[in-house]
Amino acid sequence: MVSPNPIAFLCLSSFLLTLLLCVAEASSSSTNATKIGQGYRLVSIEESPDGGLIGFLQVKKKTSIYGSDIPLLRFYVKHESNDRLRVHITDANKQRWEVPYNLLPREQPPALTQTIGRSRKSKNPISVLEYSGSELLFSYTADPFSFKVKRKSNGETLFDTSSGASDPFSSLVFKDQYLEISTKLPKDASLYGLGENSQPHGIKLYPGDPYTLYTTDISAINLNADLYGSHPVYMDLRNSGGKASAHAVLLLNSNGMDVFYKGTSLTYKVIGGVLDFYFFSGPSPLNVVDQYTQLIGRPAPMPYWAFGFHQCRWGYHNLSVIEEVVDSYKKAQIPLDVIWNDDDHMDGKKDFSLNQANYPRPQLLKFLEKIHSIGMKYIVINDPGIAVNSSYGVYQRGLANDVFIKHDGEPFLAQVWPGAVNFPDFLNPKTVSWWADEIRRFHELVPIDGLWIDMNEVSNFCSGKCTIPQGKQCPTGTGPGWICCLDCKNITSTRWDDPPYKINASGIQAPIGFKTIVTSAVHYNGVLEYDAHSLFGFTESIATHKGLLGIEGKRPFILSRSTFVGSGKYVAHWTGDNQGTWENLRYSISTMLNFGIFGIPMVGSDICGFYPQPTEELCNRWIEVGAFYPFSRDHANYYSPRQELYQWESVAESSRNALGIRYRILPYLYTLNYEAHVSGAPIARPLFFSFPTYTECYGLSTQFLLGSSLMISPVLEQGKTEVKALFPPGSWYSLLDLTSTITSKDGIYVTLDAPLHVVNVHLYQNTILPMQQGGLISKDARKTPFSLVITFPAGASDGEAKGNLFLDEDEQPEMTLGNGYSTYVDFHATVKQGSVKVWSEVQEGKFALDQGWFIESVSVLGLGGNGTLSSLEIDGKPLIAESNVEVSTSEHVHLNGQEEGENKTLMVSLKGLKISIGKNFDLNWKLG
C-alpha cells in the first residue's frame, strides 16, 4: 500500500521551515567529527563463572555533550561458540534496555546483581591481555580502554576500537541517550549490509553515504534513508594475496542509530540501549550467514506455491475485478499462483472485516473454492492500526483485553486508513492471544492462505498527541487518504520525544516521533516506544505467525514490510513502495541481495514498480528480473494505470519466457528454500558468495546468482538489446540454449544478445540442476517429469558435478526430514577417461515414491570426444536398443571463442528415461 508521503517530505508542513538547516547539519555531522571526552579506563577484569571475562570501566573525564556520562560500565566477553564472539557493554549499576531475550532467544550475560560491588576488587583477577577462542581472539588496552578482535589463524585485525590523536573518531562514549564506538578498517575492505535502505551505489557500502537505522514509513524511492527495517549487521569481505576471508559484525540494539562509514573507519552513534556486539568468523560468506542465522533464527520454510508468481493491486474494487484478473492470466498463458487483495476487500478499511457490497461473502467463497481446487491461493493485507469504532468487534475485544499501546494512561491515538486508530502492543502476551483469535475469526469468515502485514514501522498519518475532532468528519472520504485530520499537538517536553542527539531520521533529521507513535508512549511492563520502536514489525510478525499456525496447522506464509534482526524466522519481505523507473529496477537487486545477508532470503520488489507508471519496455525488462526474485509479485498503486503482465502483449511474451524458466526451476528454488531453512544460505546471492577470491565481482550489483551456480544477467537500461555480463573463471552454459557456452581461465566480460523478450541465464560448471517441465500453476508444474542438467568444465577429461533436491508435503509446518512427508536426494556425476557416471543417494525415499516422481531426461554438458556412446547401463543393466531412450549429441558453440587447437566440446542428452526419484540409481556410459 502507498506510503502516506510517497515523494518524501514535499509536505512536511512546519518542518519545511527547518529542512535546509537540518540537511546542512546532517551533512556537517557526517564530515566533521567531534571527539567527545577521553573514553574509559579499565579498573578491573576477571574470569566469569561461565568461562568468559568480566571487566569494569571508569569514565576518564565527564562531559555534558549529549548528556551525562555513565560513570561505571561493565563489559562482558565470551566465545559463545567456535566461530562467534560476544562483547557486551552496559551500565555496571543499572539495568538498561536490551532487545528482549524472549523475542530473540540467546545466552544472557551474568546478572548485574552478581557483579555489582566487585569492580574494585576481583575474586579471580587476571593479567592476560588476550582471550582466545577457536577462531577469534579478543584483546584489550586498559587506558583508554579499547579492544580488538582478530582472526586467530592469521592474526588479521577484524575490529579495532582504539582511537589515536589522528583518528577522526572518539574513544568509547556511553551516556544514557548517546552511545558512540568506532572501529578502524583497512581501506580495501568490502562492506555489505546495514539496512534497510535503497543504495544508489550498489550493494557495497559506499564511504560517505549515510546509514541510519530506524524503522520508518517513507517510500523506497528515497535514497540513503532509513526505510522499513533495521538491520545493524555488516559483512566484511577482504582479499589478501588472492586469499579471501569474510566475517560479520552485529550490534544487537533496537534503538535509533547513525552509522558513519568513511572507508577506513566505521562509527556507531546510538541513542539508547547497550553495546551488544557479536562477531562471526566466517571465513566464507556462506559460513557467515550460517553463523549469523544460527544466532538470530533460521529463515522460515515457505510453502511451494509461494515460489509461484503473485499478482496484486491496490484498487481491485470488487470481486469481479480479481475474477477477471485470474481469468486473464489464464487466457494469456502466463503462470499465476496467488491473487492478492490490498484493502479493497475491507469494510471501511478496517482489519479483519469484509465489504459485503463489493466482496459479498457467498460469491467470494465460491471464487475461493474454485481457485483452491486448482491449487491457487488468496492473500489479503492487514495493517496494525485498529479503528476506534464502538460498533467494531475487533476494537471492542481489544479494549476489553487492554491490548493497546498507551500514552498518558490511555490508548495512544493515531490515524491510518480507517481514520482514528489504536495500535496493538505485541510485547504484551495478552495482545498476542487476542491477535491470534482475530486471525482465527477472520479465517472462518474468509479462508485466506496467508497474511500481508503492512504499515508496521509503525506508520501514522499524524504526529504528536492527537484527539478526535468534534463537529467534523475524519477522514472526509474525499482526497488523499493520508492527510491528517485529527487534532494534534507536538510533544517535545520529554527527553524521549526530543533526545539530545538527533539521528538522521528520514534522511533529514526528522523528529523520531514524526508520523509514527510518539516515543514517550508506553508498552507492556513500562517499556518505552523510544526503545522498542524498531521492534514493532518483528513482534507483529511473531504474533501473526503464531496465529496462522494455530488455525489449521499449515505452514504459514506472511509478508511483512517492517523487519528487524530475526524477522526471517517468521516472514518474507518485499522492498516497499518503489517507482516504475529504470533506477528503481537497478536498486531492487542490491536490496534483495542485502536481505539474503540479513537472514530474510524470501524477498522481492514490486515488479514494474508500485508508483506510476512504468513504460512498456521497462515492464518487459522488470519481469525478466522479477521472475528470478525469490518472492515474485506484481503490485501497483491505486492511482497507477493497470499493469498486470497481460496488459501489453510484449510484456505477456516476456513473462511467458521468464516465468516459464522460473516454473521449470521451481524444484531448484524450493531446494534453496530448504537450504536457507537449515543453514541460512541466501536464495539470491551476490556473485562473490560463489567466487570470493574474484575481486572483480565484489561490487557487482547488476547480476546475481540463484543458489551457488545459476546466474541472472538482465538488461537494466532503456533501449538496450544487449548486456555486458561478467563471467567469473570457469565454464558457463546458457539455460536458454544448452549448447551455448562461455569459458575463461581468469574471468571475462562478454556482451550478450538480449532482445526485448530474452533474459540471459547461465549455469556454472560442476553443477547438477534438477528441473521440471513447468506449467501455469505450481501445483501442476510439480506433477511433471524431472530432467537433470549436468555441467562439467568444458572439455575436461576428469570432472565431477553435484546437485541436490528436497521434496516434501509443502504445507506441513516443519520443513525437515524424518517426518514421513519428505525426501532428500544428492545427485552426483563424474567424467573420467571417457566414462560418464551419474548416480543418486536418496534419503527418506518413500514420499517421492508415493508421488510417482521420475526423471525423464538427462543432459550432460562440456564433454570431450565425438559423442558416440559405446555402452549405456542403468543400475548395472545394459539399456537395450529397443528401449524408448533417445540419445542425441550437439556441439557446443563457444561465444567467447576457443583457443587454437582446442578440441570441440559436446552435450549428450538422454530422453525417454523413467528413473524413479525416490530410489538410488546409477547411470553409466562410455564415450567414443
Side-chain angles (χ1 to χ4, degrees), residues 24-43 55 57-67 69-70 73 75 77 87 89 129-130 136-151 154-175 178-191 193-194 201 204-212 224 232 234 236-240 245 247 249 251 257-271 275 277 279 500-504:
E25 184 180 346
S27 176
S28 173
S29 66
S30 67
T31 56
N32 299 320
T34 300
K35 292 197 175 185
I36 301 173
Q38 298 178 9
Y40 286 75
R41 66 181 180 90
L42 180 69
V43 294
L57 310 174
Q58 189 174 64
V59 69
K60 295 187 66 174
K61 182 180 179 181
K62 293 184 178 181
T63 66
S64 59
I65 302 173
Y66 304 133
D69 296 274
I70 294 177
L73 304 178
F75 81 86
V77 185
V87 179
I89 304 175
L129 300 179
E130 291 186 345
L136 297 173
L137 187 149
F138 172 88
S139 64
Y140 64 89
T141 300
D143 189 3
F145 175 78
S146 66
F147 69 87
K148 292 181 181 179
V149 177
K150 295 181 179 181
R151 190 179 298 282
N154 60 8
E156 182 180 31
T157 298
L158 309 183
F159 202 84
D160 177 3
T161 70
S162 62
S163 174
S166 62
D167 291 318
F169 50 81
S170 304
S171 293
L172 173 64
V173 181
F174 206 117
K175 301 167 184 281
Y178 182 78
L179 287 61
E180 181 181 333
I181 194 169
S182 301
T183 180
K184 298 174 181 177
L185 293 167
K187 62 182 180 181
D188 58 350
S190 296
L191 269 61
L194 295 179
H201 295 109
K204 272 179 68 172
L205 299 189
Y206 191 79
D209 276 358
Y211 297 95
T212 299
N224 292 327
Y234 69 84
D236 182 337
L237 177 61
R238 303 179 187 178
N239 192 306
S240 178
S245 62
H247 67 275
V249 179
L251 172 56
M257 69 178 77
D258 289 331
V259 185
F260 296 96
Y261 173 51
K262 297 186 177 181
T264 57
S265 66
L266 185 142
T267 298
Y268 299 89
K269 298 184 178 183
V270 194
I271 61 173
L275 296 175
F277 283 104
F279 300 91
Y501 176 77
K502 309 297 189 271
I503 62 170
N504 194 31

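Any value given below was found using the heavy atoms of this structure, including those in side chains, with hydrogens, waters and symmetry copies removed. For this chain, numbers begin at 1 and follow the sequence in order. Everything quoted here is computed from the prediction, not taken from an experiment.
Taking the six-membered ring wherever Trp is involved, the centroid distance between the rings of Phe174 and Phe75 does not fall below 6.0 Å. Between Phe145 and Tyr40, the distance from one ring center to the other does not fall under 6.0 angstrom. Residues Phe159 and Phe279 place their aromatic rings such that the two centres sit under 6.0 Å apart.
Ile36 places a side-chain heavy atom less than 4.5 Å from the side chain of Tyr178. At a threshold of 4.5 Å between non-hydrogen side-chain atoms, the residues Glu156 and Ser240 do not count as touching. Taking the side chain as every heavy atom from C-beta outward, Phe277 and Val249 approach each other to under 4.5 Å. Between Leu57 and Leu42, some side-chain heavy-atom pair lies under the 4.5 Å cut-off. Between Val173 and Ile65, the closest side-chain pair of non-hydrogen atoms is not below 4.5 Å. Annotation: side chain of Leu251 is in contact with side chain of Val270 (closest heavy-atom distance under 4.5 Å).
The two atoms that bring Lys35 and Ser170 nearest to each other are CA-OG, 3.1 Å, heavy atoms only. Nearest approach of Leu205 to Tyr211, heavy atoms of both residues: CA-OH, 3.4 Å. The heavy-atom pair separating Leu266 from Leu191 by the smallest distance is CD1-CD2, 3.8 Å. Shortest non-hydrogen contact noted between Asn504 and Asp258 is N-OD1, 3.0 Å. The nearest pair of heavy atoms linking Thr183 to Leu158 is OG1-O, 4.5 Å. In terms of heavy atoms, Asp160 sits closest to Ser162 at OD1-OG, 2.8 Å.
Distance OH/Tyr261 to NZ/Lys204: 7.0 Å, rounded to 0.5 Å. Taking CG from Leu129 and CZ from Phe138, the interatomic distance works out to 10.5 Å, rounded to the nearest 0.5 Å. Taken to the nearest 0.5 Å, the NE2 atom of His247 stands 10.0 Å off from the CG atom of Leu237.
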Exercise for the section: Let me see the working for Arg238 and Leu185 under side chain to side chain contact (heavy atoms under 4.5 Å, CB included), right down to the final yes or no. Expected result: CA-CA 11 Å; Arg238 303 179 187 178; Leu185 293 167; 4.0 Å; yes
Exercise for the section: Could you walk me through whether Ile89 and Leu179 pass side chain to side chain contact (heavy atoms under 4.5 Å, CB included), step by step? Expected result: CA-CA 10 Å; Ile89 304 175; Leu179 287 61; over 6 Å; no
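Of the candidates Lys60, Lys175, Lys62, Lys61, Lys175 is the only one forming a salt bridge (Lys or Arg N to Asp or Glu O under 4.0 Å) with Asp69. Considering Asp167, Thr157, Thr161 as possible partners of Lys184, the one that fulfils the side-chain contact (heavy atoms from CB on, under 4.5 Å) test is Asp167.
Of the N and O atoms on the side chains of Tyr206 and Asn224, not one donor lies less than 3.5 Å from an acceptor on the other residue. Checked by atom type, the side-chain pair Thr267/Lys262 shows no donor-acceptor distance below 3.5 Å.
Taking the six-membered ring where the residue is Trp, Tyr501 and Tyr66 present perpendicular rings, their angle passing 60° and hence far from 30°.
With hydrogens and angles disregarded, a donor-acceptor distance shorter than 3.5 Å links the side chain of Ser163 to the backbone of Phe169.
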